[in-house]
Chemist: 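Mind having a look at this structure? Questions to follow.
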Amino acid sequence: MLGAGSIFQQLHAANFSLAEKNLTSKNPIDIALDADYWRTIQDAYTASKSDIVILNNGGVSPQPIAVQQALDKYNAFSSRGPSYYMWRQLDKGREPLRERLAKLAKVSAEEIAINRNATEALNTVIYGLDFEKGDEVIGTYQDYPNMIQAWRQRAMRDGLVYKQINFQFPIEDDDAIVAAFEREISSKTKLLHITHVVNWVGQILPVRKICDMAHKKGIEVLVDGAHSFGLLDFSIADLNCDYFGTSLHKFLSAPIGSGMLWIKKEHISKVWPLICNDQPKSSNIRKFETLGTRSFAIEQAIGEAIQFHESIGAARKEARIRYLKNRWCNQVVNHPKVRLHTSMKNEYACAIAGFSIDGMRPAEIDSILMSQYKIHTVGIEWENIKCVRVTPHVYTTEDQVDLLAKAILEIAGRKA
Ligand SMILES: Cc1ncc(COP(=O)(O)O)c(C=O)c1O
């Protein structure tokens, strides 16, 4: 069997342990400022050498070299004859991988299904639960479109009532967010759909508090963790939710096309598989993995991404990425024509932040950033949100976010 973790050992382990040895503090907040330490991480990504500055890691993230090479290695292994080497050999890596993902999420491996992205994970729950006509689900207009559409489709087909709250972000008040959900709850409400980190502007929602409130009323909670898993230092168990779906190709930097679904053990039997299974009412989480022929190479290379992530550590990663976000935001926040759409308080935001410039469309700013500064961001126009979204990652340099801040100030200055 091919050993997961071996490529990290060959490529990065020595550099990482040297960087570790040279640290002058063990505090993640201090380490966030240690340029030498982070240079080692940056060097582990080819994206750090890109000819453009990549600040849309919220869309999809690049992989470190170790993950890229693991993927190549597993693909080459499969290509020797996939019906044997992929289906009967690489396949043996799935259970150990499930254990590693479970350890990372601090939950039982019997609650983890491996799949291809957050859309698949969350749609498994959205389409998999039985509802009666008139039952209510509460989400928001600021959730991800694929999930909003799935709930609307269920409403159209099954007579489910799908209610949406309209938040005006940023909000720096947990109680106000919990109260907004609580106000919508009726005797018919069965489930709340919560986006842990709102993709448009990076708002972090107080998931634990919402779950505690909902459970007191016998209501379940589905969490969209596409932007929190691998970024924020938390365990799924801490959230006290019922269902959690995420992509692994965002902040975990796993290969593109990898995702994960967690379902609390006691709920597994009542969720129908999205695709099919010979025992659809089973309480075995593996019933959600009848996905047809797919790349086991992608799946197995997730192990290398976990190794890379753990070699940095969740607390350090969160602190560093938040530091980079705050670093550019602090440089532009006081310009009279620049508006931030994201909180500067640590508990309400981490990697993602949005900004706008008075009198300019987001797409126009995004286009100037690319054509004049070679900076890649994304212009957002969604519901009540109009901003340019910026997302650094662990391989982003301070110079890159400083360049972004300079560019924003210049563009805003020309508009004055
Ligand atoms: C909040 C949120 N949920 C879900 C998704 C869907 O992720 P994927 O395309 O990997 O299925 C995204 C993608 O950006 C997202 O931002």
Side-chain angles (χ1 to χ4, degrees), residues 54-63 67 101 113-128 137 139-153 164-165 167 169 177 192-207 210 221-232 234 236 239 241 243-262 274-275 288 291 294-295 298-299 301-302 305 321 325 341-342 348-354 376-383 385 387-393:
I54 310 285
L55 288 173
N56 185 21
N57 294 283
V60 65
S61 295
Q63 299 132 51
V67 177
L101 282 166
I114 304 162
N115 55 27
R116 294 168 293 195
N117 51 55
T119 302
E120 189 167 64
L122 295 159
N123 278 11
T124 297
V125 179
I126 297 172
Y127 290 111
V137 168
T140 81
Y141 285 101
Q142 289 74 31
D143 292 322
Y144 193 70
N146 292 3
M147 303 342 133
I148 292 176
Q149 285 152 18
W151 283 122
R152 287 185 179 159
Q153 207 167 302
Q164 289 173 279
I165 298 167
F167 281 120
F169 294 132
I177 296 171
L192 308 185
H193 178 111
I194 313 290
T195 303
H196 195 177
V197 176
V198 175
N199 54 293
W200 313 112
V201 290
Q203 173 89 33
I204 299 176
L205 293 190
V207 173
I210 297 168
V221 183
L222 166 63
V223 176
D224 177 344
H227 288 278
S228 58
F229 196 73
L231 172 68
L232 303 179
F234 73 103
I236 293 180
L239 299 179
C241 59
Y243 314 93
F244 182 96
T246 186
S247 308
L248 302 175
H249 45 230
K250 293 189 192 279
F251 288 97
L252 193 67
S253 278
I256 294 166
S258 56
M260 185 186 95
L261 169 65
W262 172 84
L274 182 64
I275 314 245
F288 300 112
L291 301 174
R294 61 197 184 279
S295 166
I298 287 178
E299 196 176 85
I302 296 169
I321 301 179
K325 171 251 175 196
H341 295 242
T342 307
Y348 295 108
C350 183
I352 298 175
H376 172 53
T377 54
V378 59
I380 305 271
E381 294 211 22
W382 176 258
E383 295 293 346
I385 300 167
C387 68
V388 175
R389 183 182 75 179
V390 175
T391 325
H393 204 302

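We use all heavy atoms of the structure for the numbers below, so side chains are in, but hydrogens, waters and symmetry mates are not. Numbering of residues begins at 1 and proceeds along the displayed sequence. Atoms within a ligand are numbered from 1 in the order they appear, just like the ligands themselves.
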Chemist: Gln142 vs Asn199, test: side-chain contact (heavy atoms from CB on, under 4.5 Å). Steps then yes/no.
Modeler: CA-CA 8 Å; Gln142 289 74 31; Asn199 54 293; over 6 Å; no
Chemist: Between Ser295 and Ile298, is there a donor-acceptor pair closer than 3.5 Å when you use the side chain of the first and the backbone of the second?
Modeler: yes
Chemist: Quick check on ligand 1: any N or O pairs to the protein under 3.5 Å? One line per pair.
Modeler:
unit_1, atom_1, unit_2, atom_2, d
ligand 1, 3 (N), Asp224, OD1, 3.1
ligand 1, 3 (N), Asp224, OD2, 2.6
ligand 1, 7 (O), Ser247, OG, 3.4
ligand 1, 10 (O), Ser247, OG, 2.6
ligand 1, 10 (O), His249, NE2, 2.7
ligand 1, 11 (O), Asn117, OD1, 3.4
ligand 1, 11 (O), Ala118, N, 3.3
ligand 1, 11 (O), Thr119, N, 2.8
ligand 1, 11 (O), Thr119, OG1, 2.6
ligand 1, 14 (O), Lys250, NZ, 2.6
ligand 1, 16 (O), His227, NE2, 2.7

Chemist: For the backbone of Asn56 and the side chain of Thr391, can you confirm whether one donor and one acceptor N or O come within less than 3.5 Å of each other?
Modeler: no
Chemist: Would you check, one step at a time, whether the test side-chain contact (heavy atoms from CB on, under 4.5 Å) holds for Tyr141 with Ile165?
Modeler: CA-CA 6 Å; Tyr141 285 101; Ile165 298 167; over 6 Å; no
Chemist: Do Ser247 and Asn117 have a side chain donor and acceptor closer than 3.5 Å?
Modeler: no
Chemist: Suppose we screen for ring-ring contact (aromatic ring centres under 6.0 Å, His included). Which residues come up paired with Phe167, at least two apart in sequence or across chains?
Modeler: Phe169, Phe181
